[in-house]
Amino acid sequence: MKKRKPQQPVKPAYEQKEKISLGSLMNEEILQKLKNTKKQLQENETKLKEEEEARIREEKRLREKNKSFEELLNESNFSWKDFK
């Protein structure tokens, strides 16, 4: 008896062709526009984060500035017993 050779799995036709990427199909001009748009969006996002942080810092500063004497006294860690 003859021994059978193992059969190799048949690959579909779309896998046998060379891999085609989205970048190779797109026009260079369109690709550059997309990259520029992505860069602008990232810059806008960082700008918004910086503005939000600045707003929070300013609110905190104003809150500290407008505290009453009682609030400041309660927050302090001094004890009158230490100064007797």
Side-chain angles (χ1 to χ4, degrees):
M1 275 208 261
K2 286 187 176 181
K3 291 187 177 179
R4 287 187 172 180
K5 292 183 181 179
Q7 291 183 352
Q8 293 180 354
V10 179
K11 292 184 178 179
Y14 62 88
E15 286 184 13
Q16 289 177 352
K17 294 181 182 178
E18 42 178 279
K19 304 253 178 178
I20 300 174
S21 66
L22 184 60
S24 65
L25 292 176
M26 294 179 71
N27 186 358
E28 284 294 320
E29 183 179 327
I30 295 172
L31 189 59
Q32 191 63 34
K33 284 182 183 179
L34 287 172
K35 287 181 181 180
N36 289 339
T37 305
K38 179 182 177 184
K39 184 177 178 182
Q40 287 177 348
L41 289 173
Q42 287 175 340
E43 289 173 357
N44 289 343
E45 185 177 333
T46 55
K47 183 180 176 183
L48 287 174
K49 284 182 181 180
E50 290 172 358
E51 289 175 354
E52 180 69 18
E53 289 173 357
R55 184 186 62 80
I56 290 172
R57 280 193 305 269
E58 182 65 19
E59 285 178 0
K60 187 176 181 179
R61 185 186 69 80
L62 290 175
R63 216 178 308 122
E64 286 288 323
K65 180 181 173 184
N66 294 329
K67 282 188 178 178
S68 68
F69 181 75
E70 181 185 3
E71 290 172 328
L72 292 172
L73 188 61
N74 289 338
E75 288 179 2
S76 71
N77 53 3
F78 291 117
S79 174
W80 63 271
K81 293 177 184 176
D82 295 339
F83 298 103
K84 273 188 165 181

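The basis for the numbers below is simple: all heavy atoms, side chains too, and nothing from hydrogens, waters or symmetry mates.
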Going by side-chain hydrogen bond (donor to acceptor under 3.5 Å, both in side chains), name the residues that satisfy it together with E75, two or more places apart in sequence or in a different chain. K67
Quick check: are there more than 12 heavy atoms from other residues, nucleotides or ligands sitting under 6.0 Å from CD of E58? yes
Restricting to pairs with a member in residues 42-53, which pass side-chain hydrogen bond (donor to acceptor under 3.5 Å, both in side chains), not counting sequence neighbours? E52-R55
Distance-only donor-acceptor hits, side chain of residues 30-40, under 3.5 Å, sequence neighbours excluded:
residue, atom, partner, partner atom, Å
N36, ND2, Q32, O, 3.4
T37, OG1, K33, O, 2.8

